[in-house]
Amino acid sequence: MCDACLIENIKSQMLSRRALFTGAAATTAAVVATGLTTAKPALAQSAGKVVDLTHAYDGAFPTFDGNPGIFYEPAVKFADSGYQLWKLTIYEHTGTHIDAPLHFTEDGTSVADLAPEKLVCPLCVLDLTAKAKDDANAMVEPADIEAWVSANGEIPAGACVAMNSGWAAKVGDPLYRNTPDGKFAFPGFSKAATDMLAGMDVACIGVDTLSLDPGNSADFAVHFSWLPGGRFGIENMANLDQLPATGATVFIGAPKHKQGTGGPARVMAVL
């Protein structure tokens, strides 16, 4: 074969190969573009509306014992090092937080050992706002649960049942914790109600107040009965008034420190 023929043959093969690669690249780009345009709406739809059920907190956030629940100490200063971080001293039961079984038992389940499948569950919201307006120590009673079931259907096994008393709006007010004369006063669950929920295999209960028990409780009956049964609670929840009675899934970002009796949590609901 002559040199000229050989050169023409190579050029022809290179052009054919270039056309093949160009076509493949165009096809791939089209597929990727199509995938992206279809994936984004799908992801948005699957994520749904997210409601943050967590209060941001600092040392001024109300606590059960009245003492600051978190202290900040500068560990590295930006002016000195070009970056910064805090040393934190945190009490487990402060802000929006979890009460693990170990909180009221000597050897119960710690917050680190809560089953992951119990931290993602259907959320049922009980509206206690009307009762709480008339009684600062109002309680969720079995009749309230029965009324909820009558209106919304059965409470699913493994659900989180949360009380919306409207108390979250009082967080910046001393009345979130006390009456003007200094007595504990805030809504909670009755033991009769939590006994009923335990029989329904509910995984956890939640409140928008300082305690699972009402403020005037003298015996922590709910804590002593609910938690030792291997169940847990969430206290100081926020934004429950933004959710329907049923239809949301709650994601509970529990801390995972060993031997923890509870701890601050990031709690989200998805509709």
Side-chain angles (χ1 to χ4, degrees), residues 46-48 50-59 61-65 67-76 83-124 156-163 168 189 194 197-198 201-213 220 222-240 243 248-270:
S46 65
V50 179
V51 178
D52 193 349
L53 304 181
T54 316
H55 288 287
Y57 78 105
D58 57 16
F61 193 89
T63 59
F64 192 85
D65 63 9
N67 297 317
I70 181 171
F71 295 90
Y72 296 77
E73 180 183 341
V76 180
Y83 71 101
Q84 56 190 337
L85 60 89
W86 297 101
K87 175 184 176 182
L88 300 179
T89 300
I90 298 175
Y91 290 86
E92 290 177 310
H93 298 267
T94 186
T96 302
H97 68 272
I98 290 176
D99 280 8
L102 188 58
H103 185 34
F104 268 69
T105 56
E106 186 175 2
D107 56 359
T109 304
S110 78
V111 71
D113 295 323
L114 292 175
E117 58 270 20
K118 291 187 177 181
L119 302 176
V120 180
C121 51
L123 179 62
C124 304
C160 174
V161 176
M163 173 197 77
F189 280 83
T194 53
L197 294 175
D201 198 23
V202 166
C204 70
I205 56 173
V207 295
D208 57 352
T209 63
L210 278 170
S211 176
L212 305 178
D213 289 277
F220 294 100
V222 171
H223 280 82
F224 275 114
S225 59
W226 182 258
L227 298 177
R231 294 168 288 271
F232 65 98
I234 311 171
E235 296 174 337
N236 296 314
M237 297 181 77
N239 298 323
L240 288 168
L243 297 173
T249 298
V250 67
F251 293 78
I252 305 162
K256 205 172 181 180
H257 57 293
K258 294 182 178 181
Q259 301 178 2
T261 70
R266 190 69 182 265
V267 185
M268 305 281 192
V270 179

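What you see is a predicted model, and the numbers here were worked out from it, not measured in a lab. Computation of the quantities below employed the complete heavy-atom set of this structure, encompassing side-chain atoms and omitting hydrogens, waters and symmetry-equivalent molecules.
Taken from CG in D99 to OG in S211, the straight-line distance is 7.5 Å, to the nearest 0.5 Å. Here CE of M237 is found 4.5 Å from CG of L53. Values are rounded to the nearest 0.5 Å.
D52 and N239 get closest at one heavy-atom pair: O-ND2, 2.6 Å. Closest approach of L227 and G233 over heavy atoms only: CD2-N, 4.0 Å. Here the shortest heavy-atom pairing between I234 and C160 reads CD1-SG, 4.4 Å. For the pair A75 and K87, the tightest heavy-atom approach, listed with the atom from each and the gap, is CB-N, 3.9 Å. Smallest separation of non-hydrogen atoms from F189 and L197: CE2-CD1, 3.9 Å. Pairing each heavy atom of G69 with each of T63, the nearest pair is N-CG2, 3.9 Å.
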Candidate pair D213 and W226, rule side-chain contact (heavy atoms from CB on, under 4.5 Å), full reasoning: CA-CA 10 Å; D213 289 277; W226 182 258; over 6 Å; no
Quick one, D208 with N236, criterion side-chain contact (heavy atoms from CB on, under 4.5 Å). Give me CA distance, side-chain angles, the key distance, then yes/no. CA-CA 5 Å; D208 57 352; N236 296 314; over 6 Å; no
Verify side-chain contact (heavy atoms from CB on, under 4.5 Å) between Y72 and L88, making sure each step is shown before the conclusion. CA-CA 5 Å; Y72 296 77; L88 300 179; 3.6 Å; yes
Could you please spell out the steps behind the side-chain contact (heavy atoms from CB on, under 4.5 Å) verdict for H93 and D65? CA-CA 10 Å; H93 298 267; D65 63 9; over 6 Å; no
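By the 30° and 60° cut-offs, the orientation of the rings of F61 relative to H55 is tilted. Between F104 and F224, the ring planes are perpendicular. Angles over 60° get that label, and only those under 30° would be called parallel.
For Q259, the CD atom sits in a loose shell: 12 or fewer heavy atoms of surrounding residues, nucleotides or ligands are nearer than 6.0 Å. Applying the 6.0 Å contact sphere to OH of Y91 captures no more than 12 heavy atoms from other residues, nucleotides or ligands.
The backbone N or O of D113 lies less than 3.5 Å from no partner atom in the side chain of T109, so there is not a single donor-acceptor pair. For T96 (side chain) and A265 (main-chain N/O), no donor-acceptor pair under 3.5 Å exists by modelled atom type.
E92 and H103 are not linked by any side-chain donor-acceptor pair at a separation below 3.5 angstrom, with hydrogens and angles left out of the test.
Put simply, the side chain of I205 does not reach to within 4.5 Å of the side chain of R231, judged on heavy atoms. By the 4.5 Å heavy-atom criterion applied to side chains, F64 and E235 are not counted as neighbours. Residues L114 and I98 are in side-chain contact: their nearest non-hydrogen atoms beyond the backbone lie under 4.5 Å apart. Here the side chains of V250 and V120 are not in contact, with every heavy-atom distance at 4.5 Å or above.
Of the candidates I252, V51, T249, L243, L123 forms a side-chain contact (heavy atoms from CB on, under 4.5 Å) with just one, namely L243.
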